Amino acid sequence: MKISMTTDNQNTQLTDGFHLVIDALKANDLNTIFGLVGIPITDLCRLAQAEGLRFIGFRHEQHAGNAAAIAGYMTQKPGICMTVSAPGFLNGLTALANATVNCFPMILISGSSEREIVDLQQGDYEEMDQLNAAKPYCKAAYRINHIEDIGIGFARAIRAAVSGRPGGVYLDLPAQLLAQTMPAEEAKKTIFKVIDPVPRQIPAADAVARALDVLKGAKRPLILLGKGAAYAQADKEIRDLVEKSGIPYLPMSMAKGLLPDNHPQSASAARSFVLAEADAVLLIGARLNWLLAHGKGKTWGKEPKKFIQIDIQANEVDSNVQIAAPLIGDIGSCVGELLKGIASVPKPSADWINAINEKKDKNMAKMAETLAKEANPMNFHGALRVIRDVIKKNPDVNLVNEGANTLDYCRAIVDMYKPRKRFDSGTWGIMGIGMGYSIGAAVISGLPTVAVEGDSAFGFSGMELETVCRYNLPITTIVFNNNGVYRGTDKNPTGGADVAPTVFVKDARYDKMIEAFGGVGYYVTTPAELEAALTEAIAAGKPALINAVIDETAGTESGRLTNLNPSTAAAKK
Ligand code: ADP
Ligand code: TPW
């Protein structure tokens, strides 16, 4: 509130909605805005920059929203996305919904048109009832109508985003609100820093005892770490629990690196085996959704399982199968309580550990053989082998990953060594997070970021290469170019001029796109060339795109999700 805007007749210093919005953000250390300007927020974005906040402007709101979402995931503070009304808001809404589904805290702030005209549907510029449109797709939605409520409105939005299960919040700022004025001295009192926005939630003692009892009775225990565990920033407690219990663990894709993937207790290389064979499973910040086959069926084997579930959201329990021991609270507190009793839990038997290690050795040897093959043209495995090696040498790099085959193989092949370094398509399996997450991760961490992208996946956010170059971000985008969605070999069965639905322009020069904005483009066709380009690009710390030409016959339809892909019986004739 340094700038007094104007004075009224009595010479009282006045401030306005624009200033108070910025003050509310600053008071809560929300110092970065990802957004896209236009009526009515252009001046708000200008003012934010003038007041020392960082404003990162995008070419499409969905990617600004994705950047905010990943910033929220990395920091436990709500990421901030700012958009204009109706279409800008709707463009951002996909990211808000995706953040909510993934339990990432963010606030989508959109300007909105005149309430009186919108509500009577009299046809205003960018007319839309944004508040109600947002409600079904986010954790909470609020509108601030009066300038005196800006401080309290932001407090509500912040708390809703980060307390309990994190998620997306929509905050509607009518154009009129921004222009409202009030005495600056009075206004000062309305802005405040939210106290303890992420309160600890301590689990009940009997729930802890019940969980320990299940572990004590287990013959083949398993710990499953989800992205909630990574988000919780309880890295030391989780590592202690794994190591002190001696229980093998499996990380979900975004929990990779919470413990280094080469940790001796990682059962990743024996995933199918442990899911089928374990008799007790401790879920830490992971939901039994489709990514875990809903906790039942073939994946989970014949033996009945006993699940212990640590989660902050009580009604997540029993969502798909019965949970024997729910442990409700924040992960740091729950794991801390389990640690106190872990000495009373017997170590897993040598039989269980040996069986897992045997399976791991066998699968790793098989994978090593596949990776060692020099395929020409280059395939997914050849390319990912060198990416794995480069990441191992640069463990601080943020890795963003999307596509179908590109996602499945990269998750399996590229090891992570540090927490909250892997960001991917997540709970929805969404395409389009590539450049948004990369920009968010690079801006928040200041560290080199590598996006491993299917060529289709890249297309959803490709124009943000200009944003990457404009802010000179240390982002290297690798496009796995196999000429289409999944692969590039489909044919139009009619013989007509249109290509098949999954096919793109052959040998597209994605590397030239980044050159248009002043970045460095590489065109590579062998693993050796890819390794050299990636090493150079990471070291340079400048915007780069590597067009990695991949055998167009190498992918499978839908990657590993073929079972979810209905296909017509007629087409199979
Ligand atoms: P994954 O996709 O990696 O399996 P999910 O997104 O399905 O992970 O699950 C994350 C879970 O973590 C959600 O159910 C969410 O409520 C929970 N969660 C997030 N943060 C915390 C926290 N701090 N403490 C406890 N649970 C949390
Ligand atoms: C918003 C459907 C899932 S995976 C994919 C699409 C279009 C792209 C796969 O091809 P790509 O990868 O990226 O070239 P690869 O490695 O197999 O060659 N729209 C949205 N989300 C999803 N998931 C889709 C469409 C889809």
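Counting starts at 1 for both ligands and their atoms, following the listed order. Values below: every heavy atom of this structure, side chains too, minus hydrogens, waters and symmetry copies. Since this is a predicted model, take the numbers as computed values, not measurements. Start at 1 with the first residue, then count along the sequence.
- Heavy atoms only, all atoms of each residue included: Ser461 and Gly432 are closest at CB-O, 3.9 Å.
- Both the sub-6.0 Å distance and the 45° axial angle are satisfied by Arg509 relative to the ring of Tyr523.
- Ring planes of Phe458 and Tyr510: perpendicular class, angle over 60° (limits at 30 and 60°).
- Take Asp29 and apply the side-chain hydrogen bond (donor to acceptor under 3.5 Å, both in side chains) test, not counting sequence neighbours, and it matches Lys193.
- Considering backbone and side-chain N/O of Ala457, one or more are found under 3.5 Å from N/O of ligand 2.
- Of the listed residues (Leu283, Asp311, Ile328, Asp424), the one carrying the non-hydrogen atom nearest atom 15 (C) of ligand 1 is Asp311.
- Where the criterion is an N or O separation shorter than 3.5 Å, residue side chain and backbone included, Asp330 fails it with respect to ligand 1.
- Between Phe380 and ligand 2, not a single N/O pair is under 3.5 Å apart.
- Summary of contacts: the protein heavy atom closest to atom 21 (C) of ligand 1 is Ile331 CD1, 4.0 Å.
- For Val386, the side-chain contact (heavy atoms from CB on, under 4.5 Å) partners at least two apart in sequence or on another chain are Pro527, Leu530, Glu531.
- Residue-level proximity to ligand 2 for Leu407 is absent, since no heavy atom of it falls below 4.0 angstrom.
- Looking from atom 20 (N) of ligand 1 to the surrounding protein, the closest heavy atom is Tyr231 CD2, 3.6 Å.
- With a 4.0 Å heavy-atom cut-off, ligand 1 is reached by the backbone of Arg287 and by its side chain too.
- At least one N or O atom of Ala404 sits closer than 3.5 Å to an N or O atom of ligand 2.
- Ligand 2 has no N or O atom lying under 3.5 Å from any N or O atom of Val485, backbone or side chain.
- Of the polar atoms of Arg487, none of the N or O atoms is found under 3.5 Å from an N or O of ligand 2, judged by distance alone.
- Considering backbone and side-chain atoms together, Gly403 places no N or O closer than 3.5 Å to any N or O of ligand 2.
- Relative to atom 10 (C) of ligand 1, the option among Ala314, Gly426, Gly226, Gly285 with the closest non-hydrogen atom is Gly285.
- In Asn289, the part holding a heavy atom less than 4.0 Å from any atom of ligand 1 is the side chain.
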